J.: 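Structure below; questions to follow.
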Amino acid sequence: MSYSKRDLQNLKEFYQNQLLNDTVPFWFPRSIDTEFGGYLLMRDQDGSLIDDDKAVWIQGRAAWLLATLYNTVEPKQEWLEGSKSGIDFLNNHCFDTDGQMFFHVTRDGQPIRKRRYYFSETFAVIALSAYAKASGDEAAAEKARFLFGKCIEYSSTPGLLEPKFTSTRPSKGIGVPMIMMNTAQQLRENIGDPRCDEWISKWITEIERDFVKDDIKCVMEQVAPDGSIIDHIDGRTLNPGHAIEGAWFILHEAKHRNNDPHLIALGCKILDYMWERGWDKEDGGILYFRDVYDKPVQEYWQDMKFWWPHNEVIIATLLAYTMTGDEKYAKWHKMVHDYAYDKFHDAANGEWFGYLHKDGTIAQTAKGNMFKGPFHLPRQEWYCLQILNEYLNSNL
């Protein structure tokens, strides 16, 4: 199948309507904590609060979303002020005395948990950079660049952070080069940083060299330091949606580099490999975990359908189609789009349920928790809107 210009126009209008009239209104303004700052995001399907703790990842991501909407959709004062609430909460409550960030804090910002990696920092970088662009706040821009430098230091200096595992079976995950790549892209696009291009190239090279396995048509989630497959349960476990998220980061970079053909081919290859591994041919949707050799997967939620992989696959397939014209990607996009908006979307209350059983029935009703909040879904709808605006305007 292919998409006509009218189809793409309809899709653009659909994503714009879902973003601005369904997804964002579910969260804002009610989630802005007017007493302590930041956001109250752990919510049930009707928007009622189920917990008033704050996940630092989601605080940064929500501040990024609001500033990005201000920068790219409409300069609404409530979006700018809402983003500032998150930025101030991050600055005032989410950094430990050693400069590292917490992972989980109370409503008023008392620390509960600190993890041994730096993704709280990466989400603070994108939030600060988007807010700096929206507000002109030079201190926010300086802090974004400083934290980006700390993330580079953490990612490239072995032993700087306390390791989670012993040295018996060393490994590395695709999450670090992926998330760092997108962090750098957001920083570069919002306020600029001369380090971004070089480091993005390094992270893409690492993904292609060590994680993409052409001989078995697969993208590994975890490998040994030399890129070899670790033939144990954890080492064999794949996360197709995560790899496909990386695919669209690479396609985004290809577009930034004047449609670099090598990066387009790499991004599409990752998408191709992991669609084949991840799409549930029986019930539809993206399976959460697979084993690289089709052995049993340890995690009991391995065949569930989580919201966020579907967001990433919707982006990746649409981006691949608009960049290559390959009708296969239009077909895949329609399949995953139709599945996701049929199964995850809550027509009565707005937003998406987060967790489905394999057969597509709802596993639980929460819309927000320590990991789910206003990020993957609104980012998907926002970015698909950007893709389609650009594509339609350039193909008049």
Side-chain angles (χ1 to χ4, degrees), residues 44-45 50 55 57 171 173-175 178-179 211-213 216-223 229-248 269-318 320 328-329 331-347 351-373 375-377 379-380:
D44 204 349
Q45 68 181 91
I50 57 176
W57 284 19
S171 66
I174 198 172
M178 263 183 58
I179 298 302
F211 293 91
V212 178
K213 304 300 181 189
I216 56 172
K217 296 186 175 181
C218 188
V219 182
M220 302 304 298
E221 187 70 14
Q222 185 182 142
V223 292
I229 294 175
I230 302 170
D231 194 1
H232 293 271
I233 286 175
D234 288 343
R236 295 195 307 263
T237 300
L238 310 175
N239 187 326
H242 200 221
I244 291 173
E245 183 180 14
W248 82 252
K269 179 166 65 176
I270 292 172
L271 172 55
D272 291 351
Y273 289 172
M274 299 314 283
W275 175 276
E276 182 60 31
R277 297 271 184 169
W279 182 258
D280 184 346
K281 297 176 180 63
E282 295 175 342
D283 295 310
I286 302 296
L287 296 163
Y288 201 69
F289 287 127
R290 295 291 311 279
D291 184 276
V292 66
Y293 300 131
D294 290 324
K295 296 179 180 180
V297 177
Q298 180 167 264
E299 281 77 5
Y300 60 84
W301 59 95
Q302 47 87 26
D303 65 352
M304 287 179 67
K305 313 291 167 61
F306 281 34
W307 87 103
W308 67 265
H310 294 78
N311 298 137
E312 308 312 326
V313 178
I314 286 171
I315 292 174
T317 49
L318 184 62
K328 167 180 70 178
Y329 298 125
K331 176 185 175 184
W332 290 356
H333 176 266
K334 181 169 173 44
M335 289 168 66
V336 68
H337 169 102
D338 289 353
Y339 175 88
Y341 279 95
D342 178 53
K343 301 295 187 183
F344 286 100
H345 180 237
D346 180 359
E351 243 277 353
W352 282 17
F353 298 108
Y355 309 93
L356 308 179
H357 297 295
K358 184 181 186 298
D359 65 1
T361 55
I362 296 166
Q364 56 120 310
T365 59
K367 301 277 181 63
N369 53 33
M370 284 295 296
F371 296 97
K372 187 179 186 301
F375 184 64
H376 287 280
L377 173 60
R379 181 177 72 168
Q380 171 236 299

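Note that this is a predicted model, so its numbers are computed, not measured.
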J.: Can we say Asp283 and Lys305 salt-bridge, meaning some charged N sits less than 4.0 Å from an Asp/Glu carboxylate O?
T.: no
J.: Give the minimum heavy-atom separation between Phe211 and Ile174, together with the two atoms involved.
T.: CE2-N, 3.3 Å
J.: Does Thr361 use its side chain to pair, donor to acceptor, with the backbone of His357 at less than 3.5 Å?
T.: no
J.: For Arg277 and Lys217, which heavy atoms make the closest approach, and how far apart are they?
T.: NE-O, 3.6 Å
J.: Do Asn369 and Tyr355 pair up side chain to side chain, a donor and an acceptor below 3.5 Å, judged on atom types alone?
T.: yes
J.: Can any side-chain N or O of Gln364 pair as donor or acceptor with the backbone N or O of Ala366 at less than 3.5 Å?
T.: yes
J.: Quick one, Lys358 with Glu282, criterion side chain to side chain contact (heavy atoms under 4.5 Å, CB included). Give me CA distance, side-chain angles, the key distance, then yes/no.
T.: CA-CA 9 Å; Lys358 184 181 186 298; Glu282 295 175 342; 2.8 Å; yes
J.: Restricting to non-hydrogen atoms, name the atom on Met304 and the atom on Ala363 that form the minimum distance, rounded to 0.1 Å.
T.: CE-CB, 3.8 Å
J.: Check the angle between the aromatic planes of Trp275 and Trp279 and answer parallel, tilted or perpendicular using the 30° and 60° thresholds.
T.: parallel
J.: Aromatic rings Trp308 and His242: how do their planes relate, parallel, tilted or perpendicular, breaks at 30° and 60°?
T.: perpendicular
J.: Closest heavy-atom contact between Leu356 and Lys343?
T.: CD1-CB, 3.5 Å
J.: Would you call Glu221 and Arg290 a salt bridge, taking side-chain N to carboxylate O under 4.0 Å as the test?
T.: no
